[in-house]
Structures are given as structure tokens and as C-alpha cells.
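Inspection log for the structure reproduced underneath, given as C-alpha cells.
Quick caveat: nothing in here was measured; it's all calculated off a predicted structure. Numbers restart at 1 for each chain; the letters A, B, ... are given by sequence-line order, proteins then strands.
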Amino acid sequence: MSDVKMADETGAAGAPTRAGAGWGSALRFTLAMALLLGLLYPLAVVGLGQWLFPHQANASLLADPEGRVLGSTLVGQAFTGERYFQGRPSAVDYAADTLGGSNLAPSNPALRQRVEADAKRITARDGVAPGRIPGDLLTASGSGIDPHISPQAAAIQIARVARARGLREADVRALVARYSDSGGFGQPRVAVLPLNLALDGIAMRPLP
Amino acid sequence: MSALTLCYALLIGLALPLGLYMGRALDTHRPSALDRLFGPLEAALMRLAGVDQRASMSWSAYLLAVLKLHLLLIVLAWFVFMGQGVLPLNPDGIPGMHWDTALHTAVSFATNTNQQHYSGQAQLSYLSQTLAIVTLQFLTPATGLAVLLAITRSLLRRRAAADSAAAGVGNYYLDLTRIVIRVLLPLALVTALVLVWQGVPATYQGAQRVTMLEGGALQTIPRGPVAAMVAIKQLGTNGGGWYGPNSSVPLENPTALADVVESVALLLIPVASLIAVAMISGRRRLLLGIGGVMLVLSLSSTTLVMFSERLPNTALHGLALAGPNLEGKELRFGSDLSALWGSWTTQTSNGSVNAMLDSFNPLGGLGLLMDMFVNVTFGGIGVGLIGYLLYLMLAAFIGSLMVGRAPELFGKPLETREMRWISLAILAQPLSVLGLSALAVSFPGLAGTSNPGYHGLSQVLYEYTSAFANNGSGFEGLADATPWWNLSCVVALALGRFLPMLVPLAVAGWLAGKRTAPQGRGSLDLESGACVGLTAGVIVIVNLLGFLPVLVLGPIAEQLSLAG
């Protein structure tokens, strides 16, 4: 069965027809496809996703033993106090409903000003000499809710967090190691929110 | 293994079998066992549409069917975006979209561009994201591939070339249905489930509110049937994300593994299409040459962007440890996976991002712009190869004249009518991109740039380049949700989609109606190394002639100012 032959059956003397090029077909085809692709396909993915991976399908939420939602492992939170490990700069202050990066070009003087102010703060807070600050602590992420920092960025904060909480540095370092990921395909990283929850002694479990 | 080698190896390893499958599944001239598997569902859809699937269309009927379907799709999407406030599937109570942003969004998605002048998680309901956007994200790449199949049948197929004008170029609705049912839908389902496993949400529940650990402020975590959209966004060279900052958001791209899956999905079907067309047309050598040129262009661009982003951001000079440019990038990906994505997304007309391109180093930004000017480095689904054929037609014309023969393509004479339309389709790009950019920067208040100096010009240039290339990525600092940007981009979007896609369909139709001249020793052999080189030369020279001056004023000047 070839279309060439079939065209012979439909058109006079094998001439291509204009059948199916009308508005009616376009409209009916649009509606049929919208139903299949725009409603049934997403429904199928949600159905299968909820059945196979309910924790991930609901946005990877963490809860305390009473079921109170603490946050998501995929959404960073804003930390500013001495007692907590602090994440990367965020152009939206970790507002997950706004989201976004700084969109500042390397040539934009506003970027240099922001970086200088942050560097000064970090130097005063953690006693790191200018020029020795890990780059991820001076650059805003693309999403504005990056949940991770680099192992180096965690390392320079260990002494300060230990001091502020009256803990031994070795204990804090061990906790950092527990919430570190060597990277796989990606970069080595430390998950900031779970680490800080653990510092506060809050038990957490993935919410299905 | 480096990110570069891993992703190219995965890409080629997966595209080969997929291309062979597509070559069987989409060839309407050869029945296959797949017809028994998919036939009943396809026949049901064709009956719903009231289309006689045995009827083959003439090239002009095919073209008209494309335009009519797209007009209807734009109207449907426009209606849904403006009315979403009162329509169902809106748990977060998002109001209707303003008419001009809604129009821009509808045209942007109907042209496979997915340029976004809004932030999805805050401005679109679940109904808009699925019924309007996901539908378009399936049907627009399918249209690109369908038109490529029509051109393949009338221009490239070795057999049955003589009767091709009489037999028509195929049935648009049957092609669309087969591409959706046999290729896109199965691939999207599998990819979506892999993404859910990695952490992309799939739920109809509304946003989750949480109290932040320190200070007790509220944080709203937007959710939805995200994974279904992200899968086809990547696979269909679409690019419009669920969340505003696209796949930089951990909920849209949670892990490095998810990132590799989404990256390979960007290029998978454009590469596989070459293999499918080689099988259907029988012109293996021609497609091998084309694939070779595309691969060289792809590797050069990717290497340049990767090199650029490994350089430090000069704003951190003297303050940070030496390291790559991480401004606008996510820590889990680092600079290499971000640069690879940026480069692949501009080569393919996808336009999704996993990092903010506005904050790339100027050399990286230059690479992205070049990718979009060329726009045939594998390119958008179907339209990448169609765009390459457009350059091939120009190269055949120039090559024929160089050897002193009457211009011809596969033995068919290229005459005034063909060349006039081919030139128009090629020149429309510099004319509209440079013309609109010049207008926007001439009137203060129109441009809305957020970065000063050379980079401000790059932002404006990037927006129109991206619109015409049907890419959709942006230097997103630009304040683009204004009537000027919405309406002027609509012009670039429509021209950039329909001229370069439909002119080759018409030219192929005209050529099919002409007598084939016998091929002799003096004929131009389009599959020879010399012609492959000539076409590559035409691509590079046409784009440098058109865009080098503005590149000097934008990214090149910015790079030099940083070095000084």
C-alpha cells in the first residue's frame, strides 16, 4: 500500500487533491489533539508520577515528625544569622514564587558593587581574606533558590557556626560531611537547608 | 569523562537508533509492522478530524493547511491565556493575561519559539500551561518535521521523482498524527517519568506554603504538572519553561543527571531527523555531508562557549578564589554543563536555559548569537534541515555559475522565481533583526535594557535574533513585557518561522514540476566534498556579512573593554 497508489484512487488521473485542507478539518484536528496532548498526556504523567514517585511528584517536601512541612530539598531558603550556614546570594531573596537571577552582565558596574559589598560582609563575618572567598558565595544563582553551596563555601563557615552555637568544630564538620554530595555528573555540593535543620536538631523525613 | 564527551557520546548513541526508527515509522511510501500497532489510534484521530488519510495534498494545499491550523492554534491559545482567570485548573487563582502579552505568547508558542515575556509559575494557570502550551509544544515541532517530510518527498527522494508532482507531497494531518503518535508522545512519556523520578513535580495541587526555618517568613513553592511540560519542552526544540528562569530552577531541573537527560533531549530529534531523511530519501552521502558540517559547527560553538565560561567573571577580580564564571549559574551544574546547555539550546532553536545567559562572559554571548544567526547547526526539528536546504539552494546557484553552467539543483533548473524567493527567505533575517534592533535603540524608552553600554545593545540584538530564529532564549534582564516588545517580536516570530520553512516547500514544489536534465560529467554533484565545503562557506560568509558589524559593536566591544 503506497500513498502514491492511493492518491491515484482519490484524485482524478492521479492529481493531488485539496481534500483535508479546509477550515473544518483544521478545527476538528485542533480540538482532537488539544484533548489528547493538552489534557490526557499531562494527566497520564501526573497519574503515573504520583503512583511511582509520590515524594518527588509533590515537590520533594520535608516534614517534621508531626507532619509540619519544613521546606523542599529543591528550594533553598534565606539564611542571614551567624548560627546558620548561609547560601548563595539571591536576586529575589529566595522568593520561590518570584524566582530569577540578577541578569547583570560582567561589564555592569552594579555587579562589581554588589560583589564588593558581599565580599566585605563575608570577610568581616568569617575572617576570610579578600581574594580567598569561594566564587559561589559571591555570585547569584540563576534560579534565585539554589539549594546548594560548594564544599569550600561550607568550610569557611564552619568555625563561625561552631562558635555561635558553642559546638566543637569537628562535630560541625562531621555534620557538613553528612549533607555533602560528591557530585556524580555535577559539581560537589552541600545541601544548606537540611544541614541547618540538622544543626537545630529538627528530625526530618521526606513527605510522600 | 568530561561533560562534553559524555553528552556528545550519549547524543549520537541515542540518535542513531531513533533515526533508524523514525525512517521506518514516518515513511508513508513503505508500509511497516508499525502501521498495525499505531494504525487504529491514528485512524481514529483522522476520523475525528474528518480527514481522508489516503488523500495526498499538492504542495500548495499542504502549505495552506499548515497556515490554517496555525491560525486556529493561535486563536485557541490566545483565548485560553486571556480567559484563564475564569477557566478551570487554576488552583493558585491566577488572573487572565493582558491582551498583548497573551498575543505574543500565543504566536511565540505557535512558531515553536517559546519566547516568554512572562513568568510561568506566577502568570499562567495549569490549564494554560497544559491545554494551550503543551499542545503547541507537540504540534509545532511536528509541523517542522512534517514540512521536512513533504520537501523530502518532492525534492530529495531518488525514486518516483518523475511522478512526484502528480502524486502530491503527502497529507499534512497524517504526517502530524504519525509524528506525534509514533515519535513525540512515547519519547515524552518516558522522559517525563525519568524527570519525575529525579524530582520534577507532577501534581494538580496548588502551590505549597512553608514557614522558613530562620525568621519564620513564608515561602511559596509553586508546583503543578511540571514534568509533562518539561519533557516535551526539551524534546520538541520548544524551550518555554514552567518556571520563569526555566531549567535553572531546581524544580524544573533537579539534578546533574536530570540535566544530562534534558540536554541530550535538546538535540536528540534534530540529529535523528537527518538519519530518518537519509533513509527515506536514499541520499545517504548528501545527508552525511550535511551532518558533518553541522557537527563541526556544533563542536566549535560548544567549545568556544565552554572556554568562555571557564574564565572568571571580571567583576570578582581580586575578591574571589580563581574559578569559572558562576554568576547566573546553578552550583549543581557548574560552568561546563551550563555552557554546554547554552550552546546546544541556541544551535537547535530550543531556547530553554539552565543558567542566565545575560550574565555569561561576552565571548560566550557571542557564541550564542552566532548559533542563532546560523540556526542550522542541527537547528529546530525539521526546520534546521530545511534551513540548511535553503543555504544548499543558494550554494548550488553560486556553484553552478562558478563552473559556468545554468544553475540547477538535483538536475532541476533554478530560475528567477526560485532564486527570488530563496534570497528573500535568507535576507529576511538580517533585514528584520537589524532593522527592528535599530528602531528599538533609536527611540529612548523603547529598548528597556537593564545593562549599560555595549551589553545593552547585545540585549536588544539578542531578543530579536532569538525571536527570528524561533529560539526563545533571552538576555532576560530586558524589560520586554511591553506592547512595543510584544508586538514587534510577533513580527519577527512570524517572519522567522514561516518564510524559511515554507519557501523551501514552495521551491521544492516548483522544481518537482520541472523536467529533470540528464546528469553529465559537468553537472554539479551536490554530494561531493567540494559542494559540502561550498555550502559551509556560504553559511559562514552570509552570516558574517550580515552580522559582523553589529557583533563588533556588542559582545566584541564588551569583551575588549573588559580586557583593558
Side-chain angles (χ1 to χ4, degrees), chain A residues 1-4 6-7 10 14 16-21 25-26 28-30 32 34 37-38 42 45-46 49 53 56-60 69 71-72 74-75 77 79 96-97 99-101 103 105-108 111-112 115 119 130 133 135-136 138-139 141-143 146 148 184-187 189, chain B residues 28-29 31 48-52 54-56 58 61 64-65 68-69 72 130-131 134-135 138 166-168 192 196-197 199 201-203 210 212 214 220-221 223 225 228 244-245 248-251 254 256 313-315 319-320 323 326-328 330-332 334 355-356 358 451 455 476-477 558:
Chain A
M1 293 207 319
S2 83
D3 268 19
V4 179
M6 283 183 289
T10 50
T17 67
R18 301 180 72 85
S25 302
R28 290 164 68 173
F29 186 82
T30 301
L37 304 172
V45 174
V46 170
F53 313 108
Q56 294 96 313
N58 291 321
S60 309
V69 180
S72 161
L74 296 176
V75 181
Q77 295 187 2
F79 290 102
D97 47 349
L99 300 168
N103 284 309
S107 61
N108 194 329
L111 178 61
R112 179 70 188 179
V115 171
I133 303 171
D136 56 311
L138 292 176
T139 48
S141 63
S143 61
D146 194 336
H148 300 112
F185 293 126
Q187 301 296 307
R189 55 198 179 269
Chain B
T28 42
H29 290 270
L48 271 178
V51 178
D52 175 9
R54 296 173 309 165
S56 182
S58 66
L64 263 180
K68 283 178 179 169
L69 181 72
L72 282 179
T130 52
L131 183 68
V134 169
T135 303
F138 274 100
V196 180
W197 166 51
T203 172
V210 300
M212 288 203 271
E214 187 191 26
T220 304
I221 299 173
R223 305 185 282 186
S248 73
V249 178
L251 292 164
N313 186 319
T314 49
L319 298 173
L326 289 179
E327 181 70 19
E330 297 286 300
L331 189 82
R332 62 196 178 284
M356 294 302 110
D358 225 350
N451 284 293
H455 195 83
E476 290 297 347
E558 189 188 359

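- The parts of A:Ser107 that come within reach of chain B are both its backbone and its side chain, each placing non-hydrogen atoms under 4.5 angstrom from that chain.
- Interface residue B:Glu330: backbone and side-chain heavy atoms are both found under 4.5 Å from chain A.
- Every residue two or more places apart in sequence or in another chain was checked for a ring pair (Phe, Tyr, Trp, His ring centres under 6.0 Å) with A:His148, and none qualifies.
- Annotation for B:Ser248 and A:Gly142: closest pair OG-C, 3.5 Å, computed over non-hydrogen atoms.
- Taking chain B as the reference chain and counting heavy-atom pairs below 4.5 Å, the highest number among A:Ser141, A:Pro130, A:Ser60, A:Gly49 is found for A:Ser141.
- Listed options A:Ala32, A:Ala57, A:Gly101 were ranked by heavy-atom pairs under 4.5 angstrom with chain B; first place goes to A:Ala57.
- The two atoms that bring B:Thr135 and A:Gly38 nearest to each other are OG1-CA, 3.3 Å, heavy atoms only.
- One distance of note links OG1 of B:Thr314 with CD of B:Glu327; it measures 11.0 Å at 0.5 Å rounding.
- The parts of B:Arg332 that come within reach of chain A are both its backbone and its side chain, each placing non-hydrogen atoms under 4.5 angstrom from that chain.
- Note on B:Leu326, B:Val134, B:Val210: by heavy-atom pairs under 4.5 Å with chain A, the leading option is B:Leu326.
- Chosen from B:Leu251, B:Leu319, B:Ile221, B:Asp358, the residue pairing most often with chain A at heavy-atom distances under 4.5 Å is B:Leu319.
- Chain A forms more heavy-atom pairs under 4.5 Å with one residue of B:Gly199, B:Pro225, B:Pro254, B:Gly244 than with any other, namely B:Gly199.
- Without hydrogens or angle criteria, A:Gln187 side chain to B:Leu331 main chain gives no donor-acceptor distance under 3.5 Å.
- The contact between B:Asn313 and chain A is made entirely by side chain atoms (from C-beta outward), counting heavy-atom distances below 4.5 Å.
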Verdict with reasoning, A:Phe29 to B:Leu69, per side chain to side chain contact (heavy atoms under 4.5 Å, CB included)
CA-CA 8 Å; A:Phe29 186 82; B:Leu69 181 72; 4.0 Å; yes
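- B:Gly50 and A:Ser25 get closest at one heavy-atom pair: O-OG, 3.9 Å.
- Note on A:Ala96, A:Pro106, A:Ala59: by heavy-atom pairs under 4.5 Å with chain B, the leading option is A:Pro106.
- Taking CE of B:Met356 as the start and CD of B:Glu476 as the end, the distance is 7.5 Å to the nearest 0.5 Å.
- Under the side-chain hydrogen bond (donor to acceptor under 3.5 Å, both in side chains) criterion, A:Asn58 pairs with A:Gln50, B:Gln205, sequence neighbours left out.
- Ranked by heavy-atom pairs under 4.5 Å with chain B, the first of A:Asp136, A:Val45, A:Val69, A:Ile133 is A:Ile133.
- Comparing A:Pro42, A:Ala119, A:Gly186 by heavy-atom pairs within less than 4.5 Å of chain B, the highest count is held by A:Pro42.
- Contacts of A:Ala105 with chain B are made by both backbone and side-chain atoms, with heavy-atom separations under 4.5 Å.
- Considering only heavy-atom pairs separated by less than 4.5 Å from chain B, the leading option among A:Leu138, A:Asp146, A:Thr30 is A:Asp146.
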